[in-house]
Amino acid sequence: MDKYRVPNRMNLLRAREYGLENSFVHIEQTRRIADFTLCKYRSLTPFHHSSISTMCLEQSECRYLLSGDASGHICCHDMFPSSLVATHPIIFQIDRNSNRDHHTHKICSLIWYPNDNGLFITLGLDKKLKIWDTNRVKMADEYEFANFAYSAHMAQTRNTSLIAVAHENGDLRLIDIRTGSNSHIIHSHSGKGICLVKWFNNNPNLLASGGADGRVLFTDIRSSRTYYMVLDPDNVLTDHPQMRSRATTASTSSVAHTRGIKSLEFLPDNSHLLTLGADSHMYLWDVNSGQRLLVNYGRIPTDNVRIKTLACTQMKHDRTKSLVYVPCGKSICAYDILSGERLTTLSGHLVPASTCIYNRLSIELYSCSDDILVWAAIKKQQENYELSMKTQERRPETTRSLAQILNRDQWSDDEDEV
């Protein structure tokens with residue numbers, strides 16, 4: 001936790017005068033990401049009447065937040081401005097009362113089109129993937145499947161048009177929204193099914209998939225092979241001579257976790273991957289070599305949530321300062337990614353949370369369970385606001401009592417005059 005503490009302000013000013021510190025922005029970002037607290041006076045206009053299953057924040061403006069619930073309803077909130085006191089309005093909503101093309105079952109995935117918030121994609125347990133026009137809030141295209149699909153993802157690179165869909169029968173389906181083709185199927189996992197799929201951050205041809213059998217596979221869609229790498233927890237990255245002998249090439253039967261995969265999250269540096277399994281373990285992997293780094297995060301409860309979304313943040317000026325926010329039951333736990341140290345625990349939800357979203361522009365965190373909470377580094381501002389509110393409440397009472405005294409003294413008693 002010491003590396004996230006900010007030096008004395010006077011020392012920072014002195015260092016800047018001497019040319020020893022280049023950016024106050026980096027220091028302020030480092031302080032804020034490790035000092036989140038619940039925003040008590042920020043709320044979202046209520047919409048969902050059932051538990052919220054997933055969320056997605058568009059990355060072009062980092063402003064519009066999509067959320068979907070277990071009833072198949074979808075809502076978009078405007079998260080600007082990020083002030084101390086705010087109620088974020090609803091931009092649009094999709095439900096059985098407002099749109100005939102709504103989903104009839106639970107929302108599994110929400111995806112904003114990369115670099116453009118004029119398009120978004122939804123996937124539901126009704127075996128349908130829908131593409132929506134944001135401006136008109138109308139469905140532009142629809143794909144229906146024979147098998148259930150639990151996860152969908154789109155590469156966040158420019159000029160991409162492929163959507164990867166994970167099916168319960170173990171197939172990976174690729175959909176090209178430009179041509180409308182959805183016939184490319186990769187038979188990568190066993191019949192137990194695929195829990196989720198994620199594209200690499202820096203390569204639109206590589207994707208990672210996690211199965212219900214605990215396997216994590218890396219696939220190159222340009223290759224004829226179903227996958228080119230399988231992650232093995234015994235393949236560790238270490239300098240210890242006795243451990244090096246175990247760092248062998250993983251076999252096809254290797255499993256990253258003893259139970260199903262709950263989360264896959266690539267770090268912003270594009271060289272590491274975090275995996276969370278139903279076995280309550282979270283592992284850090286080197287993407288290039290497929291080796292596991294020896295980082296112990298302890299046991300992480302996964303509850304009965306099918307998929308958990310982790311929020312990772314990494315300082316550009318110092319890659320060693322990396323945090324991940326993990327839904328742990330009714331709390332959100334912040335871990336240092338490279339050391340495994342738990343830095344803080346954020347409490348505020350009444351039921352287990354499933355998703356965390358990090359806003360890189362306003363430096364705040366969104367989490368959801370049966371509601372959506374906002375977290376930011378505003379503890380001192382909230383204390384000052386509460387103090388000012390208490391001061392304002394006391395002033396009218398003091399003025400009113402003083403006025404009563406003055407009025408009472410000014411009136412004469414008729415009986416005394418008689």
Side-chain angles (χ1 to χ4, degrees), residues 1 4 33-34 36 54 150-151 153 194-198 200-201 208-218 229-238 250 254-314 319-347 349 352-358 365 367-369:
M1 189 66 179
Y4 296 97
I33 63 172
F36 282 165
T54 185
Y150 298 132
S151 174
H153 193 241
I194 306 177
C195 296
L196 70 164
V197 61
K198 277 287 182 72
F200 280 53
N201 289 336
S209 57
D213 55 359
R215 293 204 304 167
V216 177
L217 307 180
F218 289 173
M229 186 182 295
V230 53
L231 299 185
D232 183 359
D234 292 332
N235 185 12
V236 295
L237 180 63
T238 178
S254 300
V255 292
H257 294 268
T258 56
R259 298 178 64 185
I261 305 300
K262 294 283 187 176
S263 181
L264 296 173
E265 198 67 40
F266 286 97
L267 269 62
D269 62 4
N270 302 317
S271 61
H272 293 90
L273 171 70
L274 276 171
T275 63
L276 176 63
D279 55 2
S280 301
H281 291 296
M282 185 165 67
Y283 295 142
L284 179 64
W285 307 83
D286 185 285
V287 171
N288 298 319
S289 63
Q291 294 178 304
R292 180 173 68 91
L293 280 68
L294 294 178
V295 182
N296 183 16
Y297 300 99
R299 291 187 62 83
I300 299 177
T302 56
D303 310 303
N304 295 322
V305 180
R306 182 183 294 274
I307 296 177
K308 288 199 172 190
T309 303
L310 315 182
C312 296
T313 175
Q314 197 170 35
R319 294 297 186 183
T320 63
K321 296 178 180 179
S322 305
L323 290 181
V324 59
Y325 297 93
V326 184
C328 298
K330 301 177 184 179
S331 304
I332 308 297
C333 297
Y335 293 89
D336 184 273
I337 294 178
L338 298 181
S339 68
E341 177 187 1
R342 181 187 290 190
L343 303 179
T344 185
T345 301
L346 307 176
S347 301
H349 288 288
S354 61
T355 302
C356 289
I357 300 290
Y358 175 72
L365 184 74
S367 61
C368 72
S369 56

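The structure presented is a predicted model; accordingly, all values stated were derived computationally and were not measured. Heavy-atom basis, side chains included; hydrogens, waters and symmetry copies ignored.
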So, taking the atom named CD1 in Ile194 and the one named CG in Asp213, what distance separates them when rounded to the nearest 0.5 Å?
9.5 Å
Give a yes or no answer on whether the side chain of Asp279 reaches the backbone of His281 with a donor-acceptor pair at less than 3.5 Å.
yes
Spatial distance of atom OG1 (Thr313) from atom OH (Tyr358) [nearest 0.5 Å]
3.5 Å
Closest approach of Leu284 and Leu267, non-hydrogen atoms and distance?
CD1-CD1, 4.4 Å
Are Tyr325 and Tyr335 close enough that some pair of their side-chain heavy atoms sits under 4.5 Å apart?
no
Using modelled atom types only, decide if a donor and an acceptor are shared between the side chain of Lys262 and the backbone of Thr302 within a distance under 3.5 Å.
no
I want to check something: taking the side chain as every heavy atom from C-beta on, are Leu293 and His272 in contact at a cut-off of under 4.5 Å?
yes
Can you see which heavy atom on Lys308 is nearest to which on Pro301, and at what distance?
NZ-O, 3.0 Å
List the atom of His153, the atom of Val197, and the distance in Å for their closest heavy-atom pair.
CB-O, 3.4 Å
Taking side chain as C-beta onward, heavy atoms only, is Arg306 less than 4.5 Å from Tyr150?
yes
Under a 4.5 Å cut-off applied to non-hydrogen side-chain atoms, are Leu346 and Phe36 in contact?
yes
Ignoring hydrogens and geometry, is there a side-chain-to-backbone donor-acceptor pair from Ser280 to Arg299 under 3.5 Å?
no
Has Asn304 got more than 12 heavy atoms of other residues, nucleotides or ligands less than 6.0 Å from its CG?
no
Could you state the interatomic distance from CG (Asn235) to CE (Met229), rounded to the nearest 0.5 Å?
9.0 Å
Less than 4.5 Å apart, any side-chain heavy atom of Pro327 and any of Ser354?
no
Indicate yes or no for a side-chain donor-acceptor contact from Glu265 to the backbone of Thr275 under 3.5 Å, with no hydrogens or angles considered.
no
His349 side chain to Ser367 side chain, donor-acceptor N/O pair below 3.5 angstrom:
yes
Closest approach of Cys312 to Val324 (non-hydrogen atoms, all atoms of both residues):
SG-CG2, 3.8 Å
Using side-chain heavy atoms (C-beta onward) and a distance below 4.5 Å, is Leu264 in contact with Val216?
yes
When rounded to the nearest 0.5 angstrom, what is the spacing between CD in Glu341 and CG in Asp336?
6.5 Å
Considering non-hydrogen atoms only, spot the tightest contact between Leu274 and Met282 and give its length.
CD2-CG, 4.1 Å
Flag side-chain contact, heavy atom, 4.5 Å: Leu365 against Ile332:
yes
Are the side chains of Trp285 and Ser271 in contact, using a 4.5 Å heavy-atom criterion?
no
Between Tyr283 and Tyr297, is the ring centroid distance below 6.0 Å?
no
Taking only Lys NZ, Arg NE, NH1 and NH2, and the carboxylate oxygens of Asp or Glu, determine whether Arg292 and Asp234 approach each other closer than 4.0 Å.
no
